[in-house]
Amino acid sequence: LKYLKKTIFISAGDPSGDIHAARLMEKLLLLNPSIEFIGIGGKEMEKWNFTSIVPMEQISVVGFWEVAKRYSFFKKLLQECKDLIKDKNIDLFLPIDYPGFNIRLAGFVKEQHIPIYYYIAPQLWAWGKSRTANLQESIDKLFVVFPFEEEFFRNQGIDAKFIGHPLLDDMRFLNINQKRENNLIALLPGSRLQEVKNHLKLFINVIKEANKLNNFKFAIAKSSNIDILHFEEILKLKNVELWEDSIELMKVAKIGIVKTGTSNLEAALSGMPFIMIYKTSQLTYNIGKYLINLDYISLVNILQHKSVIPELIQSDANPKNIAKELNSLYVDEDRINFINSEFQQIREKLGEYSASETLAQIIYSEVLNEK
């Protein structure tokens with residue numbers, strides 16, 4: 001078979017985007033092995049003949065102030081992307097989440113008359129409804145991963161399609177009926193170095209407080225992109241072990257303490273009840289509180305429209321509160337059963353889709369398979 005040479009520019013700015021992009025790339029290469037991938041990504045994407053113009057660790061930051069401090073860096077990177085897109089014959093621009101950067105770049109790409117298929121919608125329903133007009137003007141199609149997002153974005157004049165959640169493409173979530181270690185508590189500090197640094201000291205103090213209340217054993221998840229040196233201090237504590245596969249850890253732990261974000265959904269799909277924590281700089285928190293128009297922060301509570309799992313935010317996310325909430329949940333089997341029944345509903349809402357394969361087929365038929 002002779003395949004048409006095609007070039008796709010992908011922009012994924014965080015570890016979860018890297019994973020979801022890599023799965024999509026794998027499916028696309030099955031349809032057309034000659035596709036060239038360029039842009040911004042991480043180690044998972046690099047497994048599929050992708051070269052990133054910048055190491056992902058340099059751009060994977062969260063928070064308004066944290067991004068503002070590096071304004072000149074992101075401005076330079078944006079220009080580099082524009083220059084590369086001008087020089088290359090790009091057949092498709094595929095931004096993945098990461099809205100602050102990707103929406104700006106999409107505006108430029110639109111002017112070049114290159115198709116733009118945005119994958120994993122920016123959560124504008126939570127914090128930026130006013131920015132939907134900007135998104136609508138900058139992209140051609142939006143592929144969303146939560147059922148309610150399709151209607152929300154369509155009501156804003158955006159061609160949105162729900163294709164399922166890519167986490168369900170991970171086979172590890174299929175078999176979750178494993179026996180759980182009764183006293184094992186999972187600690188999920190995040191996949192960005194910034195997040196890990198923010199949470200490790202807190203977790204150390206949580207362990208000390210929790211050990212006063214019960215005979216717990218702790219396991220902390222380490223993302224592959226984080227150096228083990230950052231975990232030395234917490235691993236000195238008694239009854240703390242390190243796991244390099246966070247999903248497998250969440251499938252066997254009794255309860256988890258999980259930072260906000262995609263890991264909340266991973267915990268739900270793993271069947272692990274958890275306490276969500278959220279701590280950031282005071283400036284970022286104040287801006288976020290002003291912008292966000294939701295009753296909850298955790299995706300679990302947002303999807304269920306009620307408080308399923310406890311959320312401890314900013315000053316409330318302190319060692320004593322977390323340890324107290326942990327012990328309270330640990331001894332309350334009725335509450336654990338309630339949480340697990342809600343998790344099952346979430347799994348059903350996300351559907352039996354294969355998001356990566358579905359989107360690959362759409363891209364191939366609409367963009368890459370030109371006669």
Side-chain angles (χ1 to χ4, degrees), residues 12-17 19-20 62-63 96-99 119-129 142-153 160 162-170 172-173 176 186-192 195 199 221 223 246-247 249-251 253 255-280 284-285 288-289 291-314 317 325 329 338-351 353 355:
D14 59 46
S16 62
I19 291 168
H20 299 323
V62 288
I96 299 182
D97 198 4
Y98 205 62
Y119 180 34
I120 306 180
Q123 293 180 350
L124 301 185
W125 38 266
W127 55 267
K129 193 172 179 179
L142 179 64
F143 297 93
V144 301
V145 299
F146 296 113
F148 69 87
E149 290 181 320
E150 182 173 290
E151 181 181 4
F152 171 83
F153 285 106
F162 171 58
I163 57 171
H165 202 288
L167 280 180
L168 293 176
D169 292 351
D170 190 328
R172 291 175 296 176
F173 291 118
I176 62 166
L187 304 174
L188 280 293
S191 55
R192 300 176 178 92
E195 293 172 325
H199 293 132
S223 182
S246 61
I247 306 300
L249 171 59
M250 288 190 279
K251 286 166 66 175
I255 295 171
I257 303 170
V258 185
K259 68 93 191 174
T260 189
T262 305
S263 50
N264 284 213
L265 198 56
E266 291 175 338
L269 292 174
S270 300
M272 181 189 74
F274 66 96
I275 298 156
M276 187 219 80
I277 60 165
Y278 177 74
K279 285 185 83 73
T280 187
T284 291
Y285 175 69
K289 192 175 180 183
L291 292 174
I292 290 173
N293 54 9
L294 296 174
D295 294 327
Y296 305 106
I297 291 179
S298 173
L299 284 168
V300 167
N301 293 340
I302 291 169
L303 285 168
Q304 295 304 90
H305 308 289
K306 60 186 171 186
S307 179
V308 176
I309 56 97
E311 298 183 356
L312 294 176
I313 300 165
Q314 284 300 90
E325 190 70 58
L329 180 57
F338 160 74
I339 291 172
N340 279 321
S341 68
E342 296 293 322
F343 285 174
Q344 184 57 39
Q345 289 180 31
I346 289 172
R347 179 181 283 271
E348 290 165 5
K349 281 182 180 178
L350 296 181
Y353 293 83

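Just the heavy atoms: all of them, side chains too, but no hydrogens, waters or symmetry mates, feed the values below.
Summarising the geometry, atom CZ belonging to F162 is positioned 10.0 Å from atom CZ belonging to F148; distances are rounded to the nearest 0.5 Å. Going from atom CD1 of I247 over to atom CG of L167 covers 7.0 Å, rounded to the nearest 0.5 Å. The structure places CD of Q123 at 7.0 Å from CG of D97, a figure rounded to the nearest 0.5 Å. For the atom pair CG (L142) and CD (E150), the distance works out to 10.0 Å, reported to the nearest 0.5 Å. For the atom pair CD1 of I302 and OH of Y296, the computed distance is 10.0 Å after rounding to the nearest 0.5 Å.
Within a 6.0 Å sphere centred on CD of Q345, heavy atoms belonging to other residues, nucleotides or ligands number more than 12.
The two residues Y119 and H20 make their nearest non-hydrogen contact at CE2-O, 4.3 Å. Across all non-hydrogen atoms, the minimal contact from I120 to P166 is CD1-CG, 4.3 Å. When all heavy atoms are compared, the tightest approach of P147 to L350 is CD-CD2, 4.3 Å. Among all heavy-atom pairs drawn from S223 and G190, the shortest one is CB-O, 4.5 Å. In terms of heavy atoms, A221 sits closest to P189 at O-CD, 3.5 Å. Across A121 and V144, no two heavy atoms sit closer than the pair CB-CG1, 3.7 Å.
A distance below 6.0 Å separates the ring centres of H165 and F146.
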Side-chain donor-acceptor pairs under 3.5 Å in residues 264-275, sequence neighbours left out?
| residue | atom | partner | partner atom | Å |
| --- | --- | --- | --- | --- |
| N264 | OD1 | S298 | OG | 2.7 |
| N264 | ND2 | K259 | O | 2.9 |
| S270 | OG | E266 | O | 2.8 |

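A 4.5 Å side-chain heavy-atom check between R347 and I176 finds at least one atom pair inside the cut-off. Within the 4.5 Å cutoff, side-chain heavy atoms of L329 are placed close to those of I339. Residues I313 and I297 have side chains in contact (heavy-atom distance under 4.5 Å, counting atoms from C-beta outward). The shortest distance between side-chain heavy atoms of M250 and L188 falls below 4.5 Å. No side-chain heavy atom of V258 sits less than 4.5 Å from a side-chain heavy atom of M276.
Each of S16, P15, S246 was checked for a side-chain contact (heavy atoms from CB on, under 4.5 Å) with S191, and the lone residue meeting it is P15.
Remark: the backbone N or O of F338 is not paired with any side-chain donor or acceptor of E342 at under 3.5 angstrom. Proximity of a side-chain donor or acceptor of Q304 to a complementary backbone N or O of V300 within less than 3.5 Å is not detected.
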Worked verdict on N301 versus I309 for side chain to side chain contact (heavy atoms under 4.5 Å, CB included): CA-CA 7 Å; N301 293 340; I309 56 97; 3.8 Å; yes

